[in-house]
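Contents: one structure, followed by commentary.
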Amino acid sequence: MNAKESGRRKFLKGGVALAGLAVGGLRVASGQSSGAEAAASPHKDSRTYGERSRFDTAERQPTGAAPYGDTALVTPIQALTGIITPAGLHFVMDHLAGVPDIDPQQHRLMIHGMVDRPLIFTVEELKRLPSVSRIHFLECNANSRPLQGPKAESVQQVHGKTSCSEWTGVLLSLLLQEASVQAGASWLVSEGAEGNKYTKSLPLAKAMEDVLVAYGQNGEPVRPEQGFPLRLLVPGWEANYSTKWLRRIKIVDQPYMTQHESTHNANLHPDGKAHWFRFEMGVKSVITRPCGGQKLPSPGFYEITGLAWSGGGTVRKVEVSTDGGRTWKNAELQQPVHRKAHTRFRLPWTWDGNETILQSRCTDDQGEMQPTIAELAKIWEVSTDYFLGSGVDHFNAIQPWKVNRDGSVHNALFS
Amino acid sequence: MRSSLNLFLLAVLASGGAVLAQTSSTYNLGRTPTQEEIRTWDIAISPDGKELPPGRGSAKEGAAIYAQKCASCHGPTGAEQGQTDFPLVGGKGTLTTLHPVRTLGSFWPFATTIWDYIRRAMPQGKEGSLTVDEVYAVTAYLLYRNGIIQESDSLNATSLPKIQMPNRNGFVPAKPAWKPREKRPFGFYP
């Protein structure tokens, strides 16, 4: 069976399962452009669009947590090498409306509100404008929320709501200059094109600083689950600012307190007060090998490796302790280190077969160091038990992994 | 230098004085949307409610719409867990506990958000199918069920933004505030 045949059979098999979708696709194609027809025929030939080895089994996993249990998918960060997350493994959080099937030729971005020149762009027009490519992480505000039970052993389940890509697009500041923002404007409201039109407020100062309207991800168009054909990319901030399937930007003079801002994204403190908005993700690092759920086959040499990042800037230093925090060694950082991007760290280690605890801590270019869970509890004025409650966000305490004599590795955050 | 300034002045004269709009564009890509396009796309409602369209609806009318179009997912009374993180009704007095129940009644600071969200996102799968009056009515019903307005009350573009939500003062500005490139205090991620 040659590759073409196998691709065709796959296509037919998929055609049965996706019958509903295909009908929708045909309807678009008949009334529209050749672009829509191309979109209706998936890649059939693994020579023309390559596939990974059938022995490579790393996959996203559902979190199973309400309310996004089936649609929230987390990245296998233990399986990543280097700093880039393959687009197919990028974590996914959408807001229950599913992934829209958007024909890029029909898609528009409108910029309006407090501007002198409201504008509507096609995707092709945006691609004619001066572009930039930048490597940035996206991290969900709920990433690293402490878990209990078997899931707490999985670095993917605990820390997998972060991914890092090379994003290509137009600086939002350029588009806003084109639209000419009026005096008195201070925020914008972005909106997606999916069924329930996700919407989110963003301070204008950040919009003018380093935000992208992205159409490229890791050298390809942004993937559908990541916002094809256009998404906002707000570097270093909670990923929920980075609206996918971006269709509209309204320039305004106040935050709009959208549903998510009034519920999940408001930071409720133990005293019952909710802080309106949180923006930057903190300094964080996690060892991804060895990590919870893995087993070291025998004493001997291992490279300890993991990822570090900071929403406030650039990772300057990652220290690793292999003796329960008594001593710390500087890990080697993969160069170049990018701003607001995953940074790969590595440290050679020989395991002597005794029980021990491995952990890493990150320091960024503002001099901020990742806290221990006890330090974090003190700063937030809570007991460490508080972190097991629902809705704990921006949790960035040092992650300890305990290595037992039998080589099994366990989450030791609460011990 | 001089001739380009002259060209610029000519352009200004020719355009009938739309100086800012013309001069601010460097690339001249994209087109100007019509007022009608902006009106139909712009579904964002601010806390002061200035974008709310004319219309009205009462809690009583909302009860019937809720039973028909919402109860299948949110439960017969809205106080059930349903398909959401939190039910639509209840949660009073839970915000300082380990498991706070953040409902639109116990938590949301502005009533306008309820209107905005129901119009843009509900009923799930049939978004945008409610009339403006139905959105006012079902918003009124949910506010009534949360003990915020009376069953006989009806809402419109003027009265909705004036509703005092119980947790309005429970929302405080993020501290410290975010400023571009400014150092944060240890452990705080504004």
Side-chain angles (χ1 to χ4, degrees), chain A residues 66-67 96 110 112 116-121 125 128-129 177-178 180 189 191 195-197 199 203 205-206 209 248 250 252 254 256-259 262-264 266-268 270-282 311-312 366-368 371 375-376 379-380 386 389-391 394 396, chain B residues 18 20-33 37-38 41-48 83-86 95-96 98-100 102 104 107-110 112-114 116-117 120-122 124-125 127 167 170-175 178-181 183-190:
Chain A
L96 301 173
M110 182 192 282
H112 72 112
D116 290 331
R117 238 175 89 103
L119 286 167
I120 287 189
F121 291 99
E125 283 166 340
R128 281 173 60 186
L129 289 167
Q177 267 148 23
E178 290 296 288
S180 182
V189 186
E191 182 178 272
N196 56 16
K197 308 247 171 339
T199 179
K206 176 68 173 176
E209 193 192 19
R248 190 163 70 93
K250 178 176 179 176
V252 295
Q254 60 186 311
Y256 267 36
M257 296 313 292
T258 70
Q259 181 235 5
S262 299
T263 54
H264 316 284
N267 192 17
L268 180 58
D271 63 1
K273 295 286 183 203
H275 293 199
W276 287 51
F277 286 91
R278 287 159 309 170
F279 305 120
E280 282 175 17
M281 299 307 293
Q366 296 187 332
E368 189 175 343
E375 285 169 329
L376 206 55
I379 296 163
W380 290 16
Y386 169 78
S390 58
H394 286 242
N396 71 328
Chain B
L20 278 172
Q22 290 302 314
T23 54
S24 60
S25 172
T26 308
Y27 303 101
N28 270 313
L29 286 169
R31 67 170 173 85
T32 309
E37 278 173 317
I38 295 178
W41 282 46
D42 185 7
I43 53 171
I45 308 291
S46 59
D48 54 29
Q83 301 191 356
T84 48
D85 241 1
F86 305 115
L95 297 186
T96 53
L98 257 189
H99 295 281
R102 312 184 196 182
L104 61 92
F107 195 62
W108 294 21
F110 298 105
T112 44
T113 308
I114 309 170
D116 171 291
Y117 186 67
R120 80 169 55 239
M122 291 294 134
Q124 198 193 29
E127 299 90 353
N167 193 42
F171 273 67
V172 295
K175 254 193 326 189
W178 175 79
K179 304 229 178 62
R181 287 171 295 276
K183 184 171 162 41
R184 313 165 287 197
F186 179 66
F188 281 92
Y189 312 107

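Here is how names work: the chains are called A, B, and so on, in the same order as the sequence lines, proteins then strands, and each is numbered from 1.
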Interchain contact, [X] with chain A, by part (heavy-atom threshold 4.5 Å):
X	answer
Y117(B)	side chain
I114(B)	neither
F171(B)	both

Legend entry - Test item: E178(A) side-chain N/O and L29(B) main-chain N/O as donor-acceptor pair under 3.5 Å: no
Legend entry - Most chain B-contacting option - heavy-atom pairs closer than 4.5 Å, from T258(A), V252(A), T199(A):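 The answer is T199(A).
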Legend entry - Top of L268(A), I120(A), L129(A) for chain B proximity - count of heavy-atom pairs under 4.5 angstrom: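 Most heavy-atom pairs under 4.5 Å with chain B: I120(A).
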Inset, instruction - Considering only heavy atoms and a distance below 4.5 Å, find which of D42(B), T113(B), D116(B) pairs most often with chain A. - result: D42(B)
Inset, instruction - Identify which of L104(B), I45(B), T112(B), N167(B) forms the greatest number of heavy-atom pairs closer than 4.5 Å to chain A. - result: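 With the most close heavy-atom pairs to chain A, the winner is I45(B).
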Legend entry - Residues that D48(B) engages under side chain to side chain donor-acceptor pair (under 3.5 Å), provided they are two or more places apart: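 Once residues adjacent in sequence are excluded, the partners of D48(B) under the side chain to side chain donor-acceptor pair (under 3.5 Å) criterion are Q254(A), S46(B).
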Inset, instruction - Output all residues satisfying side chain to side chain donor-acceptor pair (under 3.5 Å) with R31(B), sequence neighbours left out; order by chain, then residue number. - result: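 So R31(B) forms a side chain to side chain donor-acceptor pair (under 3.5 Å) with E37(B).
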Inset, instruction - Would you indicate whether the side-chain heavy atoms of R102(B) and T263(A) approach each other to under 4.5 Å? - result: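 The answer is no; the side chains never approach within 4.5 Å.
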Inset, instruction - Write down the atom of R278(A), the atom of H394(A), and the distance for their closest heavy-atom approach. - result: NH1-CD2, 3.4 Å
Inset, instruction - Would you mind checking which part of K250(A) comes under 4.5 Å of any heavy atom in chain B, side chain (CB onward), backbone (N, CA, C, O), both or neither? - result: side chain
Legend entry - Donor-acceptor pair between H112(A) and R248(A) side chains, under 3.5 angstrom: yes
